[in-house]
J.: 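A single structure is presented below for examination.
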Amino acid sequence: MKLNQVLSAVNQFEKSKFITSLDKLCNSAGGNEKKLARVIEKIDGQIKNASSSEINLLFKAVEHLFKREVKEQLSMTSAQLNLLINILTRDGNCVARISWIETLYSKEWKALNVLSRDLQKEIAQSDSESIEERSYKLDIYKSCMEEAYRNDEKYNRQAKVTDEERTILNRLASKLHISADECAAIEHLVDPIPKTGVLDALNILRDMGVLFISKKRQEVFVPDEMVRVLNQIQGKDLQEKYILRILRTFSDAELSNVLKVHGRKIRGVSRLDKISQILHLGITGAVLLTRDMFGGGEPINQRKERLKQLISDLDIETDKLGTTIQERVELIISYLQNSTEKEFDSLSASGFKELLKALELHHSELFIEIKHAFELEENEAIDTEKLRALSITPHDILYLLTNEKVKEIRDAMGLSKKGNPRFLILESFASATDRLIDNYALLACRDLAGLKNVGIDIAEADIGVKFEEVTKAIFESLDLNVDEDLRKDLNTSKDKADIVISLSDDDIIIGEAKTCKNGDFAKYSTTSRQVKSYVTRAENNGKRVAQVLIVAPSFSEDFIESAEMDTEVNISLLEAEGLKLILDAFKSKRNPKFSPKLLTKGGLLKANLIAKNI
């Protein structure tokens, strides 16, 4: 969930701690930060009165300062906060009830406690002093952890592991091949983590400004931007779901290599269990790709070729592969870190819904697996809106399934066996949207027979929603910024705009998609009341509505005249066939030039003239 969405979901009191932390950073930065000064000047220096979008811009300007401040505060706290942050930053936990966070914490604490006892027993029973022995490596790390924790007591200071000491311990753990979960378990032996006190710990994090708590709903919100900051502080380069993707592409031998490096058994262990074990080790993407996946004797060129194949397997589009192992690893990590929006854009909202339906049809336990993998409550209702709020993309869902299961679904859907089965499944739903775009005018006119004749089977009750979604897809194809996050921020249970197009940080176009079965669209009074309430809502949230755009199959003369004479709001009208004509012209050009200003002329737009000027 993006920061601006969270800010819109909580009240002024609930976001006060975050705003206070931003205010302090702005005051401490003074005039040294030019970018920050421009943002503050834009909101007249009154941070507490700023809109959600202005606060979001302010955070972007001070994010590097915010990260430094949070890192300093965390270095002075207990290990309990680190355990809680591990939970809150995991896939699916960014929006959750407090009681559920407490349940996850209890489960995590018990697992950590068991691992701690097992490691203590392994260290105690070993009498080897060979650096090759895993137990000896664990003993070395434990001794260093104890020294780092207790050396403050020599100077009559509170015992703790400082940020500098933790950096050294992390380097030591990497050299000794000790995983993140083992490091946490050993620290638990030295500095025991409390079993209770989750709410107090959440309030500490809230005071830092890294999360929001809704008192009314008893929910915790950790914005995507905060997850990124906390992951960077903890040294995590990739979320667990991306590590899973990489592991799905590994051969059994490569999975075994990873487990051997970390002293885990490989004989008699299934591929599924190998992947599960590796995920729980907490290995970073960089370590996994530069060291652990390889057996140790491969030449550099062979490793580079393997990474090249991995880039292809993950369908990463790039102009340059990089000439070194490090460059290729950085390319993979950077692409995955920034893939969420691209993956949501690869399918329309309806395409995502259809994908979920199809996957559930062929795999009845789909939603059980989603809840288990992303640690969602059993009674949680799962739909595309919920998944989007949790930043779970269509790709993430498909990578939850094993390679064998995905191939079974591909075959059941009658798709080609050539190529990556996950991408073939995604493309099949993306092409369904393309067919609707090709027959956009039939959809606008609610022509069920015509749609059926071209092989599109759709329920009449779904036509309105499909038309809205396809209209969005067309605008996206015209390189317009269809802002779904902002639309959700502005919409209420009463006022629900179909489309919001962002022209800048403050200027937007509000769009309405209207179908009409017989004759011209003629409901001006009803439609104008709708769009005027949307405009009022947007302006109250600090947005300037440059234009209202209504798309329909055709408009009555009275509708056109009323729109042109309306003095309260600027309205443009565009016929469905005209929008399709504009799209066709845009696609036919090698270097198309389409400005959203062409949609802000007012009245009935002349699509043929717009198409000629692209």
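Given the structure is predicted, the values throughout are model-derived calculations rather than measurements.
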J.: Check Ala497 against Asn491 and note the closest heavy-atom contact, atom names and distance.
T.: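 Heavy-atom minimum between the residues: N-OD1, 2.9 Å.
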
J.: Closest approach of Leu244 and Leu279, non-hydrogen atoms and distance?
T.: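 In terms of heavy atoms, the two residues are closest at N-CD2, 3.9 Å.
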
J.: With a 4.5 Å heavy-atom cut-off, do Arg245 and His395 have their side chains touching?
T.: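 SC-SC contact between Arg245 and His395 confirmed.
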
J.: Are any of the side-chain heavy atoms of Lys2 and Ser391 separated by less than 4.5 Å?
T.: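 Result no, sub-4.5 Å side-chain heavy-atom pair not found.
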
J.: Using a 6.0 Å cut-off, check whether atom NZ of Lys371 has over 12 heavy atoms from anything other than its own residue.
T.: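 Yes, because the 6.0 Å sphere around NZ of Lys371 holds more than 12 heavy atoms from other groups.
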
J.: Keeping Ser334 on the side-chain end and Leu331 on the backbone end, is there a donor-acceptor pair under 3.5 Å?
T.: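 Answer holds: no.
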
J.: Indicate whether any N or O donor in one side chain lies under 3.5 Å from an N or O acceptor in the other, for Asn403 and Arg422.
T.: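 The criterion, which ignores hydrogens and geometry beyond distance, is satisfied for Arg422 and Asn403.
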
J.: Answer yes if the side chains of Thr167 and Asn170 hold a donor-acceptor pair under 3.5 Å, and no otherwise.
T.: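 Short answer, no.
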
J.: Under 3.5 Å, is there a donor-acceptor pair linking the side chains of Thr284 and Lys236?
T.: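 No, no side-chain donor-acceptor pair sits under 3.5 Å.
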
J.: Counting only heavy atoms from other residues, nucleotides and ligands, does the tally under 6.0 Å from CD of Glu72 exceed 12?
T.: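 Above 12, so yes.
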
J.: Around atom NZ of Lys17, are there more than 12 heavy atoms of other residues, nucleotides or ligands at under 6.0 Å?
T.: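 No, not enclosed.
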
J.: Can you give me the closest heavy-atom contact between Gly285 and Leu238, atom names plus distance?
T.: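 So the two residues come closest at CA-CD1, 4.1 Å.
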
J.: Tell me the closest heavy-atom pair linking Asp489 and Gln5, and the distance in Å.
T.: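 Shortest heavy-atom contact: OD1-CA, 3.1 Å.
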
J.: Looking just at side-chain N and O atoms, do Tyr141 and Glu187 make a donor-acceptor pair shorter than 3.5 Å?
T.: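 Looking only at side-chain atoms, Glu187 and Tyr141 do not form any donor-acceptor pair under 3.5 Å.
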
J.: Compute whether any side-chain donor of one residue and acceptor of the other, for Asp483 and Ser502, lie under 3.5 angstrom apart.
T.: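 Present: a donor and an acceptor within the cut-off.
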
J.: What pair of heavy atoms forms the shortest contact from Ile508 to Ala538, and how long is it?
T.: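 Closest approach of Ile508 to Ala538, heavy atoms only: CD1-CB, 3.9 Å.
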
J.: Report yes if the side chains of Leu390 and Cys94 come closer than 4.5 Å at any heavy-atom pair, otherwise no.
T.: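 Yes; the side chains approach each other to less than 4.5 Å.
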
J.: Without hydrogens or angle criteria, can the side chains of Asp292 and His177 be said to hold a donor-acceptor pair below 3.5 Å?
T.: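 On atom types as modelled, these side chains do not qualify, holding no pair under 3.5 Å.
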
J.: Can you give me every donor-acceptor pair (side chain of residues 191-211, partner residue at least two apart or in another chain, under 3.5 Å) with its distance?
T.:
{"residue": "Asp191", "atom": "OD1", "partner": "Tyr149", "partner atom": "OH", "Å": "3.4"}
{"residue": "Asn203", "atom": "ND2", "partner": "Leu199", "partner atom": "O", "Å": "3.3"}

J.: Can you tell me if Ser116 uses its side chain to pair, donor with acceptor, with the backbone of Leu112 under 3.5 Å?
T.: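 Checked: pair present.
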
J.: In terms of the angle between their ring planes, are Phe59 and Phe66 parallel, tilted or perpendicular, with boundaries placed at 30° and 60°?
T.: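 Rings of Phe59 and Phe66: perpendicular, over 60°.
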
J.: Is any side-chain heavy atom of Arg134 less than 4.5 Å from a side-chain heavy atom of Leu119?
T.: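 The answer is yes, as the side chains (C-beta and beyond) meet within the 4.5 Å cut-off.
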
J.: Tell me whether Arg248 contacts the main-chain N or O of Ile275 through its side chain, where contact means a donor paired with an acceptor under 3.5 Å.
T.: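 Checked: no pair found.
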
J.: With a 4.5 Å limit on heavy-atom distance, are the side chains of Gln80 and Tyr105 in contact?
T.: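 Counting from C-beta outward, Gln80 and Tyr105 do come under 4.5 Å.
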
J.: Roughly how far, to the nearest 0.5 Å, is the CZ atom of Phe294 from the CG atom of Leu289?
T.: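 Output value for this atom pair is 7.5 Å.
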
J.: Looking only at side chains, do Ser179 and Glu182 share a donor and an acceptor under 3.5 Å apart?
T.: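 Glu182 and Ser179 do have a side-chain donor-acceptor pair below 3.5 Å.
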
J.: Identify the two heavy atoms, one from Ile101 and one from Asn93, that lie closest to each other, and give their separation to 0.1 Å.
T.: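 Heavy atoms only, the tightest pair is CD1-O, 4.4 Å.
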
J.: Check whether any side-chain heavy atom of Leu366 sits under 4.5 Å from a side-chain heavy atom of Leu401, and report yes or no.
T.: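 Contact flag for Leu366/Leu401 side chains = yes.
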
J.: More than 12 non-hydrogen atoms from neighbouring residues, nucleotides or ligands closer than 6.0 Å to CG on Asn156, yes or no?
T.: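 Not buried by this count: 12 neighbours or fewer within 6.0 Å.
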
J.: Taking side chain as C-beta onward, heavy atoms only, is His363 less than 4.5 Å from Glu369?
T.: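 In short, these two side chains touch, coming nearer than 4.5 Å.
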
J.: Can you tell me if CZ on Arg68 sees more than 12 non-hydrogen neighbours from other groups inside 6.0 Å?
T.: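 Count not over threshold, so no.
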
